[in-house]
Structures are given as structure tokens and as C-alpha cells.
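Notes follow the structure.
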Amino acid sequence: MHKKQGTSPYPFSVFRSSSFRIMAMFAGCFVVCGITVMAVSGYHSLHLLRQQLQKVISNERDEALSDAVIHDIPHLRPVMTELVRNEPGFYYLLQDTQKHIVVGNMLPLRPQTGWRTLSWTHRSLPRDHRPVIGYGVLLDDDGYLFVGIDAEPVQTLRRDLWFTLAWSAAGFIVIGFAGGFIVSRLVLNKIETISQTARDIMKGSISRRLTLNTTNDEFEHLAASLNAMLDKNERLIESIRQVTDDIAHDMRRPLAHLGQNLDEIAHEGLSHSQQHTLSLAKVNLDEALEIFSTLLKIAQIESGEGIPDTQDIVLDAILLSVTELYRPITEERGQKLILSLDRKALPLSGNRVLLMQMLANLMENATNHCPRGSTITVSSGMAGNAVMIAVADDGPGIPPQERERVFEKMVRLDRSRSIPGTGLGLSMVRAVVRLHQGTVRLLDNEPGVRCEIRLPKAGRKLTRDVPPPVIRVQATGNAGK
């Protein structure tokens, strides 16, 4: 589906813009790096705290073993009794081989040497879910000694670390993407200004320029470069236009004089062959004048800043006028003409003469290139918010690879060389359609070709300026070419 020319995609493109993607990638990297730094820093702090607790436990354990001298239950009992009484902040356990508590402020444990972390205190039942980190020693008489300390600071630090990481990540994401959105809007505002200027220039306002500011940033440098380029292009276009006008006027004058001279010669006493040659020369001269006139008209349309003599039009009237004009031609050539109009009035806003010229060119192409017995169908309708006009035939058609090229100036297909014409009809059609901000394309009619034109619908509802036409008008004829 074709987008309407001049429509800005800006309100819906912030999240699809390159600047937003770049900022999103930057925000993502920022989030990953920030979380990584915080995680490494938090892990290091956690490791230092755990090492500090282990050092305190090791000192307490070594002091108890040193005081006992011999590492068995009888020698450790008085030492541990004193420690339990005077060091309530520690966890002590001295148990025998039967896991009976000898001295301690903990419940019995399964003997296990080395560092160990208990998920609960083992001090009382029911369980107090506070972790304990400690060190276990297997004694010489197979008794078991455990010295530990409350590991709640480690658990709290770990919990705070995860909490901080989660909220920091959320904050980084929000700040990063909000910053990306704001930066993208600022960038898109500048880009939209450039785009709108480009669209205005494409519509014909070739004198439009970008506004320069005093920031002296890269956008101002870009705007200055574009303005310089546009100034040069405008000078070149004006130069070409002036040369074209000069050529048109300078060539049309001698050609017109040549036509007058040929008319004067025609009154002289000429032989039949001379009269025939003179007639051919006048035909060629008329073709040259027509080509010059058509090229000038196309150039004027393509360089126009707006639609001249714009008025509200009902499409039915134009279609009826053009098809009624070509009915005798189709009858003479043995072709069938079908007009199929939408039952509702289709309002347009544009130049009536140019639109009629556009439809006349399409009809001229169809009648010239379709053989005897062909059917030419002209129809209208709505396609979304656009008014659609279609001229279709079941003639020889146009190859798919040539359907875009035939809109170019002076292009004629090989099999059409013998048919009268200048190769400018479809160029005129496209120029008029673009002037009215519409689209035109050639489709396969199976067989034949279908030219489909879509024009913007008029802003207000119109009534028919002619009586309601017959929905299908069919003209047939049996005369030869």
C-alpha cells in the first residue's frame, strides 16, 4: 500500500529510530557494566566480611586449644565451660563420641571437621533461623569441638546486595531508556525539520531552505551544506528551465514560420506528388510542434508549487465527459467501451482541465494500442481513503519489466513504433497524478493492462453536478480502423 506523499512518520517512529536503538544499546551496556561493577564490589565486600568472621573464629578456636594444651575432652572441658560463661556471643559445642553434649550452648551436631555454615543456630528448639558460621575439630579421643559465630551480617549483606542490584538495574534501565527516548525525540525533531523541508521542495517549493541556529553543532553544519547544495540545484534548475523556455520559444517561432511558408506553397500550382510530399511535411511539422508543446506542459506541471485553479470536482462528470468524447472513436474502430461508476459521488480537489487531459491520454493509449474487438473498461471507486480510477483493456498488454519504463519521456515499445504518437502520453499522466499527490501504476489485466490511479479524496462531501449516470455505458461499433 502506498503512503500518501508528504505524510510524516515521525509520531510513530521514535522507538524505531536509529538514535533510539543506539541509546538503547548504550543503556544496555551501561546497565550491564553498572551491575557488573556493583556485583563485583558487593562480592568483594561479602568475601571480606566472611574472612573477618573466619579470622575471629580461628582466633577463638586456637585460643581454646592452646589453653587446653592436650586436645581431648577432659582437658577442654574447663576451658569451654569458662568460654561459655564469659563469651555469650559465640557458639560453643564440646560433645563426646556418642554425640552427648559435654559443654556448650548448642544442640548436638554431626561431627564434621573444617569450616561449616549452619542454616539455623542449633541453640534451641524450635529452630531460630539465624545462620551460623564456625569451625569443627575432631579431638584426639574422638570427641568433637565446634566454635562458631552468628553469620546474620553475612546473610544481611548478601540480601542487601541482591536488593541493591535489582533496584539499580531497574533504575539504570528506566534512566537509560528515558534518556534514549528524550535524545531520540530531540534528534528526530531536527531530522523531521530536514525531512519536511525536503518534502516541501519535492512538492515544488524549491526556494525553501533549512533554518540555521547558533549552536554550531553537526546539525547546523549539515543544514548549511544542504542549503548550499539546494542553492546550487535551484540555480541549475532555473538555468535549465530558462534554456528550455528559450529553446521552446526560439524553435516554435521558426517552426510556425515554416508552417506558414508551407501553407503559401500549397497555393502554388504543384503536382500531385509534390502536394503529397508537402502534406507529409506539414504532418511532421505538426508532430514536432506537438512534442515541443507537450514537453513544455509536462515541465510546467512537474515544476509547479501547487495545483493551478484548484476546485472541488465530482469524478463522475469528468469520466462521463471523456468517455462520451471517445465513444465515436471506439465505435469506428470496432471496440467496446464500458463505463462503470461508483454509486456514490466521489469528490476530488484539483484542476479539472489537467484531470480530463490525464484521462484523455489514457483513453488515447487504450484505443490506439488495442485491436478491433477489444474491450476498454473505465471504472471508479474508493480504495481506503483514496479515490480510484481504473482504465483497463484486454489488448496485447505491456510486459512487466516495461511497465515502469513507459512512464518516462519519449519511451515507446518496439511493437508500438508503427502507431502514431509521441511517447509522452503516460509521462503527462504521471506528472498530473503526482501534482495531485496521487499514485499511478500499471497492472496485469489478464489479458491486457490495467492502469490504476489513486487520488486523495476531497476534504468535504460534494453532490453530483450532473444527473446520476447510467452505471454501465456500452458502445460498440463495426467500422474498421
Side-chain angles (χ1 to χ4, degrees), residues 279-280 282-291 293-294 297-298 313-342 351-380 388-398 403 406-407 410-433 440 442-443 445 447-453 466-467 469-481:
S279 298
L280 293 178
K282 292 190 66 175
V283 169
N284 293 334
L285 179 61
D286 291 339
E287 290 179 353
L289 287 171
E290 182 183 356
I291 289 174
S293 298
T294 306
K297 192 168 186 179
I298 292 175
I313 304 168
V314 176
L315 181 60
D316 298 355
I318 297 178
L319 294 180
L320 278 171
S321 299
V322 175
T323 52
E324 287 301 319
L325 178 65
Y326 277 87
R327 283 183 65 187
I329 299 176
T330 56
E331 290 176 356
E332 181 184 353
R333 296 180 178 180
Q335 298 165 342
K336 183 168 60 175
L337 175 62
I338 297 177
L339 175 62
S340 179
L341 301 179
D342 195 282
N351 184 286
R352 180 186 296 272
V353 176
L354 291 179
L355 291 174
M356 291 188 68
Q357 179 70 53
M358 174 192 74
L359 292 170
N361 284 3
L362 292 176
M363 289 297 302
E364 189 74 22
N365 272 357
T367 55
N368 284 341
H369 294 87
C370 287
R372 180 186 180 87
S374 300
T375 300
I376 301 172
T377 303
V378 180
S379 59
S380 64
M388 186 182 68
I389 307 169
V391 178
D393 62 64
D394 55 0
I398 300 176
R403 290 175 187 165
V406 294
F407 285 106
M410 309 298 291
V411 172
R412 302 189 69 193
L413 302 182
D414 293 338
R415 65 186 179 192
S416 302
R417 296 291 178 180
S418 59
I419 300 175
T422 61
L424 296 172
L426 289 178
S427 298
M428 174 70 76
V429 169
R430 183 168 64 176
V432 173
V433 171
V440 57
L442 297 178
L443 305 172
N445 198 42
V449 65
R450 173 185 173 90
C451 182
E452 189 175 283
I453 297 172
V466 294
V470 179
I471 298 303
R472 296 178 66 86
V473 178
Q474 179 173 314
T476 58
N478 297 319
K481 290 184 179 181

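Numbering of residues begins at 1 and proceeds along the displayed sequence. Note that the coordinates shown come from a computational prediction; the quantities given were computed from them, not determined experimentally.
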Distance col, row Asp394:CG vs Thr377:OG1, nearest 0.5 angstrom, shows 7.5 Å

For Leu315 and Met388 the tightest heavy-atom approach is CD2-O, 4.4 Å

The reported gap from CG in Leu319 to CE in Met356 (rounded to nearest 0.5 angstrom) is 9.5 Å

Sorted by chain and number, sequence neighbours left out, side-chain contact (heavy atoms from CB on, under 4.5 Å) with Asp393 holds for Ala366, Cys370, Ile376, Val449

When rounded to the nearest 0.5 Å, the distance separating CD1 of Ile313 from CD1 of Ile318 is 4.5 Å

| query | Does some side-chain heavy atom of Arg430 sit less than 4.5 Å from a side-chain heavy atom of Val406? | reply | no

Here the gap from Leu339 atom CG to Ser380 atom OG, rounded to the nearest 0.5 Å, amounts to 7.5 Å

Inset, instruction - Verify, without hydrogens or angle tests, whether Arg403 (side chain) and Leu443 (backbone) share a donor-acceptor contact under 3.5 angstrom. - result: no

Output for pair (Cys451 SG, Leu426 CG), nearest 0.5 Å, gives 6.5 Å

Heavy-atom nearest pair, Thr367 first then Glu364, reads OG1-O, 3.1 Å

With Val378 as partner, the option from Ile338, Leu320, Leu337, Val322 fulfilling side-chain contact (heavy atoms from CB on, under 4.5 Å) is Leu337

Checklist entry - Heavy atoms, side chains only, cut-off 4.5 Å: are Ile453 and Val429 in contact? => result yes

Distance col, row Gln335:CD vs Arg372:CZ, nearest 0.5 angstrom, shows 9.5 Å

Sorted by chain and number, sequence neighbours left out, salt bridge (Lys or Arg N to Asp or Glu O under 4.0 Å) with Glu452 holds for Arg441, Arg450, Arg454

Practice task
Kindly determine whether Leu355 and Met358 satisfy side-chain contact (heavy atoms from CB on, under 4.5 Å), including the steps that lead there.
Solution key: CA-CA 5 Å; Leu355 291 174; Met358 174 192 74; 4.1 Å; yes

Here the pair of heavy atoms bringing Gly395 nearest to Pro371 is CA-CD, 4.3 Å

Sorted by chain and residue number, the side-chain hydrogen bond (donor to acceptor under 3.5 Å, both in side chains) partners of Asn361 (sequence neighbours excluded) come out as Gln357

